[in-house]
Protein chains: 2
Amino acid sequence: MRPTVHDIAETAGVSLATVDRVLNDRPGVRGVTKAKVEAAIVSLGYVRDVAAANLAKSRVYPLVFILPEGDNPFMRGLEAEVRRAGLHSPAERTRLSVATVPAFDAGALVKAIDAAIMEDVSGIAAVVVDAPEVSAAIARAHAAGIPFVTLVSDLANSGRDHFVGVDNIAAGRTAGSLMGRFLGERPGAVAVLAGSMRVRDHRERLDGFHAAMPVTRTVLPVLEGQDDPDLSFSLISDCLAANPTLAGIYNLGAGNRGLIKALSARGRADLCVIAHELTAETRAALETGLVDAVLNQDAGHEVRSAIRVLRAKADGLPVISAQERIRLDIFIKDNLPAGPDEDEQPGAAGN
Amino acid sequence: MRPTVHDIAETAGVSLATVDRVLNDRPGVRGVTKAKVEAAIVSLGYVRDVAAANLAKSRVYPLVFILPEGDNPFMRGLEAEVRRAGLHSPAERTRLSVATVPAFDAGALVKAIDAAIMEDVSGIAAVVVDAPEVSAAIARAHAAGIPFVTLVSDLANSGRDHFVGVDNIAAGRTAGSLMGRFLGERPGAVAVLAGSMRVRDHRERLDGFHAAMPVTRTVLPVLEGQDDPDLSFSLISDCLAANPTLAGIYNLGAGNRGLIKALSARGRADLCVIAHELTAETRAALETGLVDAVLNQDAGHEVRSAIRVLRAKADGLPVISAQERIRLDIFIKDNLPAGPDEDEQPGAAGN
DNA sequence: CTGTTAGCGCTTTCAT
DNA sequence: ATGAAAGCGCTAACAG
């Protein structure tokens with residue numbers, strides 16, 4: 001049997017309460033006593049039983065996720081994952097809630113953050129836009145002692161406690177590299193569709209893409225579709241019309257529906273298309289060959305990571321960063337995971 | 001607060017012990033009583049607190065992993081992940097151990113399985129070879145009531161309770177598809193290096209690869225390197241010498257060291273090379289451009305999945321299959337995860 | 001500053 | 001067939 005608080009208390013010659021104080025470094029223990037207890041802890045090789053601890057402090061952690069509203073499938077997927085995690089949340093002593101705000105709207109985002117601060121939640125996870133007001137709101141959360149993690153798109157110098165998402169520069173580079181190889185010697189320029197240059201993840205992906213593109217290949221000026229299907233559709237349609245020799249398209253944002261509609265309208269099967277986020281749409285497009293590769297960040301992993309990090313921060317525990325790194329998945333037609341149909345059961349820990 | 005066993009006892013008008021008997025359907029409860037309790041359970045929407053349950057029954061589950069010995073880096077990686085999981089195992093009330101046996105040796109494997117059965121472990125996870133004696137040993141484990149999962153390579157009709165690993169046919173298809181695109185119109189045959197056609201995962205990958213290859217592309221007869229670096233080296237060296245116009249190599253087995261040595265000896269940068277399993281060697285080869293893509297199954301995910309499944313089976317709980325699916329990762333130079341150097345901290349749950 | 005005591009939600013003897 | 005009571009390992013009042 002592994003050592004318990006009782007064993008520590010005994011070998012250190014103190015009471016349980018004192019051991020507990022040292023363990024959770026709470027005030028009210030003399031230096032010598034503390035030293036004795038700590039000695040006992042290391043000599044016995046004690047490791048705390050987290051499950052028992054959680055059981056004893058029957059505290060719950062209200063966490064709020066702030067996400068862009070609208071029909072962006074990736075964001076709705078994130079929301080679904082939060083709800084899914086919510087089913088299991090009582091076991092982890094968390095209570096999850098979701099607030100949605102208009103996309104790319106700094107003011108609304110700030111309001112939502114302040115509302116969460118008012119409610120005195122134990123942690124906030126948000127998909128943020130890059131604006132000074134937002135950084136200020138994050139600073140207020142910090143000042144109120146509320147852990148804050150950025151989700152999907154980072155805001156590094158805002159004082160957020162942690163970023164949960166992929167390395168977006170690497171994502172752009174991956175797209176560029178893949179596009180380069182798929183195109184080979186085939187001539188023609190490539191187009192890039194983004195949502196908005198006002199979110200950092202889109203800017204970073206663009207940078208990475210440019211960096212990985214051979215200099216001999218022309219990259220057209222970025223099209224900003226505001227992650228809106230209709231706008232994206234017309235931008236891509238116009239682009240296809242204006243550039244009959246176009247060789248490829250990289251969509252680094254969320255306007256996949258518009259993109260795919262435009263592609264199927266033109267029926268240009270010779271185009272190399274790379275998009276982000278595996279959704280029902282991109283999956284179907286991958287299967288029909290309209291899209292060649294999809295880069296993905298797993299929404300379930302991100303949500304669970306955000307929860308773990310917020311909980312850790314909430315009780316002052318360290319975050320094991322290696323464990324919280326979010327990988328960039330590459331999907332092609334052949335390594336698609338089983339579809340949502342076969343996948344209905346709420347997952348918990350992930351693989 | 002969500003309902004507890006006390007609430008059930010109260011609304012059903014019985015004692016805690018009876019509630020527990022019904023909950024764990026243990027004998028010794030009259031039909032009527034049972035019905036009353038069950039009614040209370042559903043009406044209150046009770047869900048058992050697993051952590052508390054585990055705390056109370058301070059039972060431990062001894063689990064054994066049986067892996068091939070030798071310097072196969074992927075297998076050593078698996079072993080390392082088992083040890084890593086072992087650090088956290090007390091919290092999950094499991095005790096992990098590893099047994100290694102000579103690779104591709106059915107007799108040794110059978111001995112190890114029988115030894116585990118004798119020790120009366122709570123579960124066995126093994127990388128198995130495809131042989132009737134092995135199936136028989138698995139059947140003995142089953143008869144002894146010991147859950148058995150196959151790891152990495154399956155043995156479907158053996159009575160194993162579960163398979164933890166990737167879809168190897170899809171893996172082969174992915175390799176073929178990627179190779180086809182990377183090669184484009186470039187002429188030349190492709191070679192395939194395997195470990196042994198006696199393990200099912202290698203056969204399945206080969207099948208998938210052939211299926212995804214355009215008929216216009218010649219695939220040379222498979223080379224069996226026994227996952228041995230020296231043998232793999234000479235097979236590939238000879239092959240390169242004999243086929244000066246070779247366009248690509250797919251290594252579906254573990255002989256990466258030999259392969260890479262042969263490649264760097266020849267200095268043929270124009271070759272498209274796809275291999276399996278992200279190890280220090282394949283990572284380096286990816287970075288230097290000697291290898292173009294690496295298909296990977298995450299050893300950490302597999303180990304944790306095996307543990308979850310064995311535990312679930314051990315206490316008769318259902319396995320959430322959607323949660324236990326192991327994905328096939330594609331890595332290219334640009335989406336390599338942070339290296340082992342930055343990654344030293346033992347991870348627990350994974351993303 | 002330190003100790004005593006009563007739980008958290010569930011399981012498990014041991015009685016009845 | 002059912003119940004009472006004592007824990008599992010830890011935390012949290014409340015006393016001293």
Side-chain angles (χ1 to χ4, degrees), chain A residues 1-38 40-41 44-61 88-94 311 314-317, chain B residues 1-38 40-41 44-61 88-95 314-317:
Chain A
M1 231 43 235
R2 72 182 170 153
T4 75
V5 278
H6 290 93
D7 302 320
I8 300 176
E10 192 168 343
T11 68
V14 298
S15 78
L16 281 187
T18 302
V19 174
D20 187 64
R21 289 185 185 103
V22 176
L23 241 29
N24 299 286
D25 50 41
R26 272 188 275 269
V29 186
R30 239 184 336 159
V32 252
T33 325
K34 187 167 176 181
K36 268 196 302 187
V37 175
E38 276 163 349
I41 291 177
L44 294 181
Y46 171 82
V47 282
R48 167 213 250 93
D49 182 329
V50 213
N54 282 332
L55 177 58
K57 53 170 178 228
S58 44
R59 177 181 165 190
V60 298
Y61 301 78
H88 295 255
S89 69
E92 276 125 58
R93 322 255 151 218
T94 56
R311 275 210 36 162
D315 10 70
L317 299 174
Chain B
M1 232 38 237
R2 70 179 172 156
T4 74
V5 278
H6 290 92
D7 302 318
I8 299 176
E10 194 168 340
T11 69
V14 298
S15 76
L16 281 188
T18 302
V19 174
D20 186 67
R21 288 184 188 106
V22 175
L23 242 28
N24 299 287
D25 52 42
R26 270 188 277 269
V29 186
R30 242 183 334 158
V32 251
T33 324
K34 186 167 176 179
K36 271 196 302 190
V37 175
E38 276 164 349
I41 292 177
L44 294 180
Y46 170 83
V47 281
R48 164 212 252 97
D49 182 329
V50 210
N54 281 332
L55 176 59
K57 52 170 179 231
S58 41
R59 173 180 168 191
V60 297
Y61 301 77
H88 294 255
S89 69
E92 277 127 56
R93 322 250 153 224
T94 57
R95 198 204 325 288
D315 26 54
L317 298 175

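All chains are named by letter (A, B, ...) in the order of the sequence lines, taking the proteins before the strands, and each is independently numbered beginning at 1.
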Within this structure, what is the [atom1]-to-[atom2] distance between [X] and [N], rounded to whole angstrom?
X      : N       : atom1 : atom2 : result
L55(A) : dC8(D)  : CG    : C1'   : 9 Å
Y46(B) : dT11(C) : OH    : P     : 6 Å
K34(B) : dT2(D)  : NZ    : C1'   : 15 Å
L44(B) : dC10(C) : CG    : P     : 12 Å
D20(A) : dC1(C)  : CG    : C1'   : 15 Å
I8(A)  : dT2(C)  : CD1   : P     : 16 Å
R93(B) : dC8(D)  : CZ    : C1'   : 7 Å
L16(B) : dA1(D)  : CG    : C1'   : 16 Å

What's the closest nucleotide to the [X] side chain, out of [options]?
X      : options                  : answer
A17(A) : dG9(D), dA13(D), dC10(C) : dA13(D)
R26(B) : dT12(C), dT2(C), dG9(D)  : dT12(C)
S58(A) : dC8(C), dT2(D), dC10(C)  : dC8(C)
V14(B) : dC8(D), dG3(D), dC10(C)  : dG3(D)

Output yes when at least one side-chain N/O atom of [X] is less than 4.0 Å from OP1 or OP2 of [N], else no.
X      : N       : result
N24(A) : dT11(D) : yes
S15(A) : dT2(C)  : no
R48(B) : dG9(C)  : no
T18(B) : dG3(D)  : yes
T33(A) : dT2(C)  : yes

Close side-chain approach of R21(A) to V37(A), heavy-atom, < 4.5 Å: no
Sub-4.5 Å side-chain heavy-atom contact between I41(A) and R48(A):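 The answer is no, as the side chains (C-beta and beyond) never meet within the 4.5 Å cut-off.
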Under 3.5 Å: donor-acceptor pair, side chain of D7(A), backbone of T4(A): yes
Short side-chain to backbone donor-acceptor contact, N24(B) and D20(B), under 3.5 Å: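 The answer is yes, because a donor-acceptor pair under 3.5 Å joins these two groups.
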A40(B) to T11(B) - nearest heavy-atom pair and separation: CB-OG1, 3.2 Å
From NZ (K34(A)) to OG1 (T18(A)), nearest 0.5 Å: 12.5 Å
N/O donor-acceptor pair, side chain R2(B) with base dG9(C), under 3.5 angstrom: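 Under the 3.5 Å cut-off, the side chain and the base do not form any donor-acceptor pair.
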Just call it for [X]: base, sugar-phosphate, or nothing, with non-hydrogen atoms closer than 4.0 Å on any strand.
X      : result
V29(B) : sugar-phosphate
R59(A) : nothing
D49(A) : sugar-phosphate

Position toward the 5' end of DNA chain D (nearest nucleotide), H6(A) or R21(A): H6(A)
